There are 2 protein chains.
Amino acid sequence: MTRVLVVDDEPQILRALRINLRARRYDVEVAADGANALRLAASHRPDLVVLDLGLPDMDGVEVIRGLRGWTRVPIIVLSGRAGSQDKVAALDAGADDYVTKPFGVDELLARIRAVTRRAVGAGEEVPAVRIGRHTVDLAAHAVRADDEREVRLTPTEWHLLEILVRNPGRLVSQRQLLHEVWGPQYQSETNYLRQYLAQLRRKLEDDPARPRHLLTEPGMGYRFQP
Amino acid sequence: MTRVLVVDDEPQILRALRINLRARRYDVEVAADGANALRLAASHRPDLVVLDLGLPDMDGVEVIRGLRGWTRVPIIVLSGRAGSQDKVAALDAGADDYVTKPFGVDELLARIRAVTRRAVGAGEEVPAVRIGRHTVDLAAHAVRADDEREVRLTPTEWHLLEILVRNPGRLVSQRQLLHEVWGPQYQSETNYLRQYLAQLRRKLEDDPARPRHLLTEPGMGYRFQP
DNA sequence: TTGGCGCGTCAAGGCGGCGTCAAGAACCGG
DNA sequence: CCGGTTCTTGACGCCGCCTTGACGCGCCAA
């Protein structure tokens with residue numbers, strides 16, 4: 001059964017969605033604010049998140065980022081704001097769809113079917129990989145050495161490592177890395193990549209001079225080798 | 001570069017989308033009716049289809065079904081019809097997103113990024129090809145020998161190999177290879193091709209002196225034989 | 001038979017890209 | 001306001017990739 005996490009602060013919408021989704025044989029969890037949403041998502045691992053952007057405690061886009069830090073679960077955004085800026089921000093933060101209130105329940109259900117249909121086969125991921133003597137736990141956003149010592153990574157280092165780890169064995173182009181970490185206007189500043197890859201190797205690889213997991217493909221990009 | 005097929009019968013919309021997408025470095029093909037859309041999709045294998053539902057020759061939902069019969073390429077529907085029924089029908093036929101006209105270009109671009117982002121690594125077909133004792137994985141940009149050893153290719157070698165492999169069994173002319181790899185101003189520098197084909201054979205063929213997969217067609221071009 | 005063309009092969013040089021170090025700028029918490 | 005961390009920018013040596021030239025061979029036509 002498909003598990004859905006519905007995040008909204010308006011009780012009547014929460015109730016309406018719960019009833020409709022339960023009737024369609026979905027397994028429904030609900031949260032009324034961002035903090036609870038992130039907590040529930042981590043503990044219950046839903047197959048889909050329906051997220052209202054107008055939450056009392058934090059910005060909806062921040063919730064998206066919080067989820068995207070460790071999971072690729074489909075996210076459908078509900079919002080009263082129909083502005084182009086809001087849509088672009090939410091979608092680029094990692095949302096899969098954006099529905100403007102007021103919305104038809106039929107339409108929302110169809111969009112739910114659309115995103116979940118595509119998600120099957122994407123497969124559950126293993127958010128814990130090993131690099132040298134270290135374990136990278138994407139879900140916990142932490143790196144532990146074998147001797148229990150924590151390794152600290154800066155935000156940029158995390159962002160970079162995350163992209164590479166999410167594409168195990170695959171080459172990731174320099175352009176793609178620059179785009180995703182520094183923004184679309186960066187595309188030739190490869191010195192950034194050299195700098196941060198060196199940092200990551202220093203912190204993670206057994207022999208930073210001879211990386212075995214964070215590999216350079218000269219002229220093309222970088223590759224994480226499990 | 002991401003290939004986009006835009007299907008619309010209104011020339012001004014076609015033109016606006018083509019300009020905007022080209023400016024964002026998308027490779028754009030256009031079609032004005034459903035029959036041409038299906039034909040172009042089959043021959044050019046786009047990474048994304050933007051489809052107007054109001055076509056002169058056939059119903060848009062039929063186009064979606066025609067595509068879904070053989071490909072999981074992401075489909076974004078454009079439509080002037082805002083009715084719930086139309087949205088549900090298109091989405092359930094296999095569309096990934098539904099945008100109502102008039103739409104903001106920024107929003108459409110964001111939705112394009114959203115669906116393509118999800119598509120990478122998901123439903124992609126697995127273009128893994130064998131040459132001699134080696135497996136060429138185009139998606140991962142990697143070559144593995146049967147004994148698990150990685151074979152490293154330079155960017156130019158990759159570029160060349162990719163063109164040949166994407167045209168299995170077909171003759172690719174020297175001019176086309178030079179154009180695509182070195183640029184339009186190169187057309188007679190066949191020594192480059194000799195040089196790099198020899199490299200590829202050395203790295204991939206069992207007996208580089210007697211290639212069985214990377215074949216020369218004297219005076220014309222080269223051919224990849226699966 | 002002989003010449004020419006096209007292809008495969010080898011070798012050498014230039015140069016761009018990569019890893020590295022270092023220092024200044026920007027940012028954040030106290 | 002200050003100290004520490006993080007990010008940005010510049011410089012430099014070196015390795016490897018791209019380019020280029022030269023040579024031999026086989027095929028075809030004259």
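Worth saying up front: this structure is predicted, and the values here are computed from it rather than measured. Chain letters run A, B, ... following the sequence lines, proteins first, then strands; residues in each count from 1.
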Legend entry - Interatomic distance, A/Q195 CD vs C/dA22 P [rounded to whole Å]: 12 Å
Inset, instruction - Send over the distance from A/Y192 OH to C/dT20 C1', rounded to a whole Å. - result: 17 Å
In terms of side-chain heavy atoms of [X], which of [options] is nearest?
X: A/R152; options: D/dT6, C/dG19, D/dT9; answer: D/dT6
X: B/P155; options: C/dA11, D/dT6, D/dC18; answer: D/dC18
X: B/T156; options: D/dT8, C/dC18, D/dC18; answer: D/dC18
X: B/Y196; options: C/dA22, C/dC10, D/dC18; answer: D/dC18
X: B/R194; options: C/dC7, D/dT19, D/dT5; answer: C/dC7
X: A/T154; options: C/dG19, D/dC7, D/dT19; answer: D/dC7
X: A/Q174; options: C/dC18, D/dC7, D/dT20; answer: C/dC18
X: A/T190; options: C/dC18, D/dC18, C/dT9; answer: C/dC18

Inset, instruction - Quick one: label A/R210 by what it contacts on the DNA or RNA (base, sugar-phosphate, nothing), any heavy atom closer than 4.0 Å. - result: nothing
Legend entry - Within 6.0 angstrom of B/M220 CE, more than 12 heavy atoms from elsewhere: no
Inset, instruction - With side chain to side chain donor-acceptor pair (under 3.5 Å) as the test, would you mind laying out the steps for A/N191 and A/R194 before giving the verdict? - result: CA-CA 5 Å; A/N191 44 331; A/R194 305 206 305 267; 5.6 Å; no
Inset, instruction - Could you tell me whether A/R201 and A/D207 have a side-chain N and a carboxylate O separated by less than 4.0 Å? - result: no
Legend entry - Geometric class of the A/W158/A/H141 ring pair [parallel <30°, tilted 30-60°, perpendicular >60°]: parallel
Legend entry - Distance-only donor-acceptor test (3.5 Å): side chain B/E157, base D/dC18: no
